[in-house]
Amino acid sequence: MSPPLHSYSIFFSIFITILLQLSTTSSQSNRCRSSCGNIPINYPFGIDDGCGSPYYRHMLICSDNNTKLQLRTPSGKYPVKSISYSDPHLLLSDPFMWNCQDRDNFRPTRSFSIDSSTHFTVSPQNDYLFFNCNPNKVIVEPKPLFCERFPDRCDSSCDSSSYLCRHLPGCGSALGSRVSCCSYYPKATQSLRLMLENCATYTSVYWRSSGVENAPYDQFPEYGIRVDFEYPVTMKCLLCQETTKGGGVCGFDTRTRGFLCLCKQGNVTSYCKDPNLVRHKRIGAIAGTVSAVSAAGVIGVAGGVFWYLKKVRAKAPVTCGVQTNENRIF
């Protein structure tokens, strides 16, 4: 008599579990996209799970047929205009912020925020301009004079004599005389929210380097939000990326978040051309083996399961469906 139906179910569940385990360890290096649109995606970032540093897992989103890159934050998703790896920062745009086309038609806005537990920080190189603030709630004064008179309240004032208010980037005369403007750098997300409760709208201006040596002005203002990021470099990642050692891609195990070097032949925990992996023949035992090894493992497991079921069927006693201690499989 055939073994009980639940026996086949148990063996089938085991088989599927092993199959999934083996398939998820296949090489990831060919699945790590190196760009989104015209923005290069290098370590520590990754737009595919398991690529880059786990510090920035699920932070960047690439959509619209690999053309639109966004940063996910607690206040929403923001388009990424550029990424600098030499001077580690991202430049974001916020479609809800004021721009030159708005002129004095102020739209509803939202305050930008970054999760303080991440490895991102809002750069101090940003200048925030606030428009039509309530003078009864916000100290709107020319800062040099106000700070001389009230030094203890200097940091809490919004500078009405700001250079940027008088020379708005790209549209110096966009605001009429009925619109007031002042510059203030919030020290925390909460202070930015409080400012927006008492001001009509705001915008952010980032001072960008011109990149030209010996230029009369080495920086110029540009609309956007600069967000700095930490660059977590480890010796393992440096060895993994080194061309003479295989030129792998730094990544991580999606289950344990442990380091992995993503290679064309499979994923390893050291670097692609590590001689110890060949000498001890351990490549097949490390998470990220080649697809051929995974396929062979699946076939072997399947063969073992069916052989055992055939053996059980041949020896199974006739019990008329009654399970006893003699014919119990588990």
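Values below: every heavy atom of this structure, side chains too, minus hydrogens, waters and symmetry copies.
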For a quick test of reading the model, state the closest non-hydrogen atom pair linking [X] to [Y] and the distance between them.
X: Ser157; Y: Lys143; answer: OG-CE, 3.5 Å
X: Asn66; Y: Arg33; answer: OD1-NH1, 3.1 Å
X: Pro232; Y: Tyr43; answer: O-OH, 2.8 Å
X: Gly170; Y: Cys100; answer: C-SG, 4.0 Å
X: Pro144; Y: Asp159; answer: CD-OD1, 4.3 Å
X: Trp207; Y: Pro221; answer: CZ3-CD, 3.6 Å

Flag if over 12 foreign heavy atoms under 6.0 Å of OH, Tyr55: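 For Tyr55, atom OH is not crowded (no more than 12 foreign heavy atoms under 6.0 Å).
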
Transitive ILVMFWY side-chain link [X] to [Y], under 4.5 Å:
X: Leu60; Y: Tyr231; answer: yes
X: Phe96; Y: Leu196; answer: no
X: Tyr185; Y: Val138; answer: yes
X: Phe259; Y: Val249; answer: no
X: Leu168; Y: Phe106; answer: yes

Are the side chains of [X] and [Y] in touch, meaning some heavy atoms are under 4.5 Å apart?
X: Arg72; Y: His58; answer: yes
X: Gln219; Y: Gln125; answer: yes
X: Tyr271; Y: Thr244; answer: no
X: Asp274; Y: Val268; answer: no
X: Ser162; Y: Leu129; answer: yes
X: Met235; Y: Leu239; answer: yes
X: Pro40; Y: Ser34; answer: no

Plane angle bin for His167 and Tyr163 - parallel if under 30°, tilted between 30 and 60°, otherwise perpendicular: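 Ring orientation of Tyr163 relative to His167: parallel.
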
Judged by atom type as modelled, is there a donor-acceptor pair below 3.5 Å linking the side chain of [X] to the main-chain atoms of [Y]?
X: Arg57; Y: Arg257; value: no
X: Ser35; Y: Ile41; value: no
X: Thr234; Y: Cys237; value: yes
X: Tyr202; Y: Leu192; value: no
X: Arg153; Y: Ile139; value: no
X: Asn198; Y: Met195; value: no
X: Asp253; Y: Thr256; value: yes
X: Tyr206; Y: Val227; value: no
X: Ser75; Y: Ser113; value: yes

From CA spacing to verdict: side-chain contact (heavy atoms from CB on, under 4.5 Å), Asp127, Tyr184: CA-CA 7 Å; Asp127 273 330; Tyr184 175 73; over 6 Å; no

Before we go on, tell me: are the rings of [X] and [Y] under 6.0 Å apart, centre to centre?
X: Trp98; Y: Phe131; answer: yes
X: Tyr56; Y: Phe45; answer: yes
X: His119; Y: Phe229; answer: no

Single hit among Cys199, Cys158, Cys182 for disulfide (SG to SG under 2.5 Å) with Cys133: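 The residue from Cys199, Cys158, Cys182 that satisfies disulfide (SG to SG under 2.5 Å) with Cys133 turns out to be Cys199.
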
Supply the atom-to-atom distance [X] [atom1] to [Y] [atom2], rounded to the nearest 0.5 angstrom.
X: Arg107; Y: Thr201; atom1: CZ; atom2: OG1; result: 7.0 Å
X: His89; Y: Ile83; atom1: NE2; atom2: CD1; result: 9.5 Å
X: Tyr223; Y: Thr203; atom1: OH; atom2: OG1; result: 6.0 Å
X: Thr118; Y: Met59; atom1: OG1; atom2: CE; result: 4.5 Å
X: Thr73; Y: Gln70; atom1: OG1; atom2: CD; result: 10.5 Å
X: Asn126; Y: Leu92; atom1: CG; atom2: CG; result: 9.0 Å

Presence of salt bridge, Arg226 and Asp87, under 4.0 angstrom: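 Salt bridge present between Asp87 and Arg226.
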
side-chain contact (heavy atoms from CB on, under 4.5 Å) evaluation trace for Leu69 with Ile61: CA-CA 6 Å; Leu69 186 65; Ile61 309 162; over 6 Å; no

Distance under 6.0 Å and angle within 45° of ring axis: Arg110 vs Tyr78: yes

NZ or CZ of Arg149 within 45° of Phe146 ring axis and under 6.0 Å: no

Pair Asn65-Thr67, side-chain donor/acceptor within less than 3.5 Å: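 Thr67 and Asn65 do not have a side-chain donor-acceptor pair below 3.5 Å.
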
Those residues that, when tested against Lys236, pass salt bridge (charged side-chain N to carboxylate O under 4.0 Å, His left out) (two or more places apart): none

Test side-chain contact (heavy atoms from CB on, under 4.5 Å) applied to Leu91 and Glu222, step by step: CA-CA 10 Å; Leu91 186 60; Glu222 180 179 327; 3.4 Å; yes

Verdict with supporting geometry, Phe252 and Leu260, side-chain contact (heavy atoms from CB on, under 4.5 Å): CA-CA 5 Å; Phe252 59 92; Leu260 281 179; 5.6 Å; no

Sub-2.5 Å SG contact, Cys272 and Cys240: no

Residues Cys261, Cys250; criterion disulfide bond (SG atoms under 2.5 Å apart); working and verdict: CA-CA 5 Å; Cys261 184; Cys250 297; over 6 Å; no

